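Since this is a predicted model, take the numbers as computed values, not measurements. Counting starts at 1 for both ligands and their atoms, in listed order.
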Amino acid sequence: MQTRVLTGITTTGTPHLGNYVGAIRPAIEASRRVDVDAFFFMADYHALIKSGDAVRIERSRLEIAASWLAAGLDPDRVTFYRQSDIPEIPELTWFLTCIAAKGMLNRAHAYKAAVDRNAENGEDPDAGISAGLYMYPVLMAADILAFDAHKVPVGRDQVQHIEMARDLAQRFNHLHQHEFFVLPEALIEEQVATLPGLDGRKMSKSYDNTIPLFAGGKKQLREAIMRIVTDSRLPGEPKDPDSCALFTLFRAFASEVETAGFRQDLLNGIAWGEAKQVLFERIEADVAPMRERYEAFIADPVAIEAILQQGAEKARAIATPKLAVLRSALGLRTSSVAAVSSSQPKATGKAGKSARFASFRDADGNFRFRLFSADGEELLLSISFADPKTAGAVQKRLKTFGAAGAVLQTLPSGIALELDGQLIAHTRDCQDEAARDHALSQLREALDQLATQD
Ligand code: TRP
C-alpha cells in the first residue's frame, strides 16, 4: 500500500537555500518513491493569516510553484495544488471548528506566544490577535484530513499542529461513530540538514540572513556567499571545518569525496575568499540547471496556472466525495433529497415502487446483495461478506447516503461504489460510455430513492 504524504508551504516568502536543502529537495526525493503518494500544496489561506500584502502573496505563490517545479517536482506523479483552489478545505475547516475544543486552541504555541507578548507589554491579552491566527491549527487539520494523509513531514515547530489534527480526527470519528478520518502522523526528518545563514545562525527569513535559491540569479548567489561571516584567520592559517558555516553549506550540496577535499583545503589554510569561491562554484553547479527552468516558468505563469489547475482537479477528485460523505453524516444532505424526505411524498419510481436491496448467499457460502431499480432492473452487485450482519450494516449505511453522499467511481467498464475507501459494489460491465452514463443515472436515482425510505 502507498503511504500518503502531504505537506503545505506557506506562501509568504521567496525560497532560499535553507528551504531547498531542508524541505524542497528531500520532499521531491521522497515523492519519487513508489510506495509514496505525495501531496504538496501552497498554503495560501495560511499566508493570509500572516500577511495582508496581496502583491507579496501573489508573487510568493508564483515563486514557490516555479521553484518546486524547477527543482524536479513531477506534477504527473505528485498532486501539486493551491489550498485556495480547494473549496472543500474551508468547508471542512468549519466542520472541524464546530467540534474543536476552544481550550485546545488556547494552548496552541503560536497563539500562546502572541498572548504572552501582549502580557509582557502590559496590553490586553488578545490585543492585535486575529481569529485567523487562533484558528490556524484547525485550517491546517482540514488540509490534512480532507485527503486522509498518513504522514505529514514538518519542522519541529509544527508538530503540535499535527497532534491537534489527530485529536480533531479522533474526536470527529468518535462523535460520529465511524472512521471518517485517517489519524495523521508527523514525520520529522531527523537527518535533514539545517543550513547556517549569512551570520552563522540558522538560515531563516525571520533572521534576515538568507541566501536566495533563484531570485537575483547567479550574481546575487555569489554576492550573498561572499558576505557569509567568517573569523579573521589569515590565508595560510588552518581553519576549523566543523565550526565554519562555509563547510556546512558545502557539505549540503557535495558528495563525500568532495566534502573530504574541502575539509582538507580548510585545514591546509585556504584563504576565506578562495574558500567562498569554491563553495559558490559547487552550489552553482547544482543550482544553474534548475535556475534555467525556474526562469522559464516565471516567464510563463500561464503554464504554471495550467499545472496547478490540473493539480486542483486531482485533489478535488478526492476531497469532493469525501466532503459529500461528511455532509451526509452531519445531516447536510443536498436540499432536494432532504426536503423530499421530510415533507414531500416519497420519491418512487413507476407504479409507486422504489429501489430495493436483495440479499443472497453465493456458491461459496458468503453473503452478498444486489440493488434493484424500481423497475426491477439489477443495478449493483456487492462484494462478498463473510457474515450477514456486515452485509446488512453496509446496506443500511448505503440507504442513508443518497446520490450526493455516495462515493461513485467511474471504472473503464462500469461504476464502482465505495464505502470508507473500499470498493463495496459495482455495476455490470457497460458496453460503452453511453451505457455507463445510463447506469450512473439509474444508480443515482435508486440511491436517492433509498435515502427517502423510512
Ligand atoms: N503551517 C505550515 C508551516 O508553516 C504550513 C502548512 C499549512 C502545512 N498547512 C499544512 C504543513 C498542512 C503540513 C500540512 O510550515
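Listed by number with element, the atoms of ligand 1 under 4.0 Å from a non-hydrogen atom of T7 are 11 (C), 13 (C). For ligand 1, the atoms sitting less than 4.0 Å from at least one non-hydrogen atom of V152 are 13 (C), 14 (C), numbered in the order shown with element in parentheses. Numbered from 1 in the order shown, with element, the atoms of ligand 1 that lie under 4.0 Å from a heavy atom of Q158 read 1 (N), 2 (C), 3 (C), 4 (O), 15 (O). Annotation for ligand 1: atoms under 4.0 Å from non-hydrogen atoms of A43 are 7 (C). Listed by number with element, the atoms of ligand 1 under 4.0 Å from a non-hydrogen atom of T10 are 3 (C), 4 (O), 5 (C).
Taking each of A165, A47, G8, A23 in turn, the one with a heavy atom nearest to atom 13 (C) of ligand 1 proves to be G8.
Under 4.0 Å from ligand 1, not a single heavy atom of H161 appears. With a 4.0 Å heavy-atom cut-off, ligand 1 is reached by the side chain of F41 but not by its N, CA, C or O.
At under 3.5 Å, a nitrogen or oxygen of Y136, whether backbone or side chain, sits near a nitrogen or oxygen of ligand 1. Backbone and side-chain nitrogen or oxygen atoms of D143 are examined, and one is located within less than 3.5 angstrom of a nitrogen or oxygen of ligand 1.
The local environment of CD in E313 is sparse, with at most 12 non-hydrogen atoms from other residues, nucleotides or ligands closer than 6.0 Å.
For the pair R291 and F214, the NZ or CZ position fails the cation-pi test of under 6.0 Å to the six-membered ring centre and within 45 degrees of the ring normal. Stacking of R25 on the aromatic ring of F253 is recorded, both the 6.0 Å distance cut-off and the 45° axial limit being met.
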* Check against side chain to side chain donor-acceptor pair (under 3.5 Å), Q83 and H46 -> CA-CA 9 Å; Q83 186 184 32; H46 278 103; 3.3 Å; yes
* Under the salt bridge (charged side-chain N to carboxylate O under 4.0 Å, His left out) criterion, do D148 and K322 qualify, and how do the steps go? -> CA-CA 9 Å; D148 285 323; K322 174 120 198 128; 3.0 Å; yes
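Centroid-to-centroid, the aromatic rings of Y81 and F147 come within less than 6.0 Å.
Evaluation of the side-chain hydrogen bond (donor to acceptor under 3.5 Å, both in side chains) test over residues 98-108, restricted to residues two or more places apart or in two chains, returns N106-Y134.
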